[in-house]
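Only heavy atoms go into these numbers, but all of them, side chains included; no hydrogens, no water, no symmetry mates. Just so we're on the same page: letters track the sequence lines, and every chain starts at 1.
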Amino acid sequence: MNPLLAQLTAAETDGWWAGFQAFFVAPENAWAVSLLLVLIVGKTIPGMVSLLVWVERRGAALLQDRLGPNRVGPFGILQSIADLVKFIFKEDVLPGHVNKPIFLLAPALAVIPPLVVLSFIPWGANVAIADVDTGILACFAFSSLHVYSVSLGGWASNSKYPLLGGVRAAAQMISYEIALGLSALSVFVIAGTLRLHDVVMFQTDGLTIAGTTYDALWARILDWNLFKQPLGAIIFLIAGFAETNRHPFDMPEAESELAAGYHTEFSSMKFALFFLGEYAAMIVMSSLFIVMYLGGWTFFGVENLLTDWVAEYGAANPGWINWPLIVEAHLHVGIFLGKLAFLLWFFIWVRWSLPRFRYDQLMSIGWKRLLPASLLWFALTAVGVALVR
Amino acid sequence: MEGLGIQLAFYSFAAVTIGSALLATMAKKIVNSAFALMATFFGVAGIYGVLGSDFMAVTQIVVYVGGILILLCFGMLLTDRVPDEFRVRSPRRYVGASIAATLTFVGLAWAISGTAWARLPHITDGSAEALPTTALIGNALLTDYLLPFEFASIVLLVVLVGAARVARGGTR
C-alpha cells in the first residue's frame, strides 16, 4: 500500500468533497494516489529537463565569460520551449539505409529506463511511486538498460560514426557499471538494507560510535553516508558521470572525432528524445547519489519540523486526507530538489571546466583505477562493519 | 491468487512471454530475435513479480536483460557482418531440436508437478499481500545453500580463466 495512505482510514461523511476525500483515503484506491504521483513525476521531468538545458547553456556562457541565450523571455528562460517548438516542426528524416524498427525504437529506449527508475526514488518520507523492497537493485536493473538505446541506435543507423559511437558507449557503460555497483554495494553493507527509504533513514538516526548514539548537529552531519563512505561516494560520482555519458566521459558523442556519435542520423523529435534521455539519466544519477550519500529528503532535522502538526491533525480528523502530511511532503520534496539542483549544477560545472579524456585513458581509469579502488573500499567496509558489530 | 487485476497481469505477462519467445525463435533477422528475447525476459520478470517473488523479478532483469542480452548485442555490434539468413534449415536439425525440446518440456513438467506450491506464507495464509523476499533469500543462500552458491562462483571463475585463455590465442 502507498505509505501516504498508511496513516489514513476510511471516511463516513456525506457530500462530494467528503466522497472525494474518502476515495483517496480508502486503502483499495491506493492505485489512484500512485497514478497521481506518476502523472506529477512524469509531467515534471520533461519540464525539469527543459529548465536544465537552459541552465546548462547559460552556465556554460557564465563559465566561458559570454552571454548565452538571453533573448527569448526574461533571461532567455523560454529558450528551451522555443527549441522544442523548432524540434516539433522540423522534418523527421528517416534515412533509407537504416534498420527501421530498431532505428525507431532506440530514441524511446533512451527515455523509458530513466523514467522507470524515477518511480523507485523516494522524494520524501511518504512520497514514492513504488517504494519496493529491492529498491536499489531495481534502479540499477532499469538504468542499465540505457545502454541499449545508444548501442542499438548507433548500430541501426548503419553508418560509420554512429556505429563507433554506439560501440564506445556500450563498452564505457559496461565498464563503469561495475565500479558503480561495487561502490553502491558498500552503502548497502553498512545500511543493511536494499530499500531506498531505509537507506535514507539510516543516515538520519544519529551517529553511533562505540555504542553511544550522538544526536548533536555535528553528528547529524557526519551521519550522511558521504562522510561514512567518502571514497565510495567519489567513485560513485565519477562512475555516474561515465554512465550518463557526461563530460569528461562523453566519448560516445565526441563531436570532434565522431560527428555526433550514436545520434548522428537522428533528426527532429527523435534527436530530442535522445537529448531528453541524457538529461533524465543525469537527474536519475543525481537522485540516486542524494538518496545514497546525501541523506535524501532530510536536512539535519528541518524535515521533522512538521511532524507534530501532522500527528495532531491526523488524530483530530480521522478518515480525512491529512493535509499537513501533504504540506510536509512538499517540504521533503523541496529539500530533495534543492540538493538535486546543486548536484545538477555540479554536473554542468564539471562539463565546462574539464577537457575530455582520451578513449584509452577512459578505459584505464575505469578498469585499472576505479575497479580496484572500489573493490578495496568494499573490503574495508566489510571488515569495518564486522569489527563494529 | 485472487483478484481480476492479478489474473489480468498474469495472463498479459504470459502472452508477452510466449508471443515474443515464438518471435525470437522464428524471426529471420538475428537483431529482431534479440529484441524479441528482450520482451521475453521482461515477460518472465513480470511473472515472477506477479507470483510475489520481487527479488527474482529484479534479478531476472539485471542478469538477463542488463547482462546477457547486452553481451549478445555487443557481439552483433562488433561482428563484421551478421548474416540475415542465419538459420540452416535441414530436417536433421529438426529431429535434434524436437528431442531436446521434448526432454526440456518433460523435465520442466516433472519439476512443476513435483513442487509444493503452497509453501509460501502469503499463499498459505490467504493474504494477497506478497512479502519482501530479499532477506529470506540472503539467509538461505548463506546457510542451507552455501555449497551450491560457492560452487556457482567457481564455475564463473573457470569461465573467466577459459575466456582469458581463448582470447590470448593459445600458446602462452
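- Heavy-atom distances place both the backbone and the side chain of A/Val167 under 4.5 Å from chain B.
- By the 4.5 Å heavy-atom criterion applied to side chains, A/Tyr148 and B/Leu69 are counted as neighbours.
- Sparse packing is recorded around OH of B/Tyr64, with 12 or fewer heavy atoms of other residues, nucleotides or ligands lying under 6.0 Å away.
- Atoms OG1 and CG, from A/Thr134 and B/Asp54 in turn, are 5.0 Å apart once rounded to the nearest 0.5 Å.
- Side-chain contact check for A/Leu145 versus B/Phe42: some heavy-atom pair is nearer than 4.5 Å.
- Only the side chain of A/Leu194 comes within less than 4.5 Å of a heavy atom of chain B; its backbone N, CA, C and O stay farther away.
- Residue with the most contacts toward chain A among B/Ile61, B/Ile70, B/Leu71: B/Ile70 (heavy-atom pairs, distance under 4.5 Å).
- You'll find the side chain of A/Asp133 stays beyond 4.5 Å of the side chain of B/Phe55, heavy atoms only.
- Within the 4.5 Å cutoff, the side chain of B/Val62 has no heavy atoms near those of the A/Ser144 side chain.
- At a 4.5 Å heavy-atom cutoff, the contact between A/Ala171 and chain B is made by backbone and side-chain atoms alike.
- To the nearest 0.5 angstrom, A/Leu152 atom CG is 4.5 Å from B/Phe35 atom CZ.
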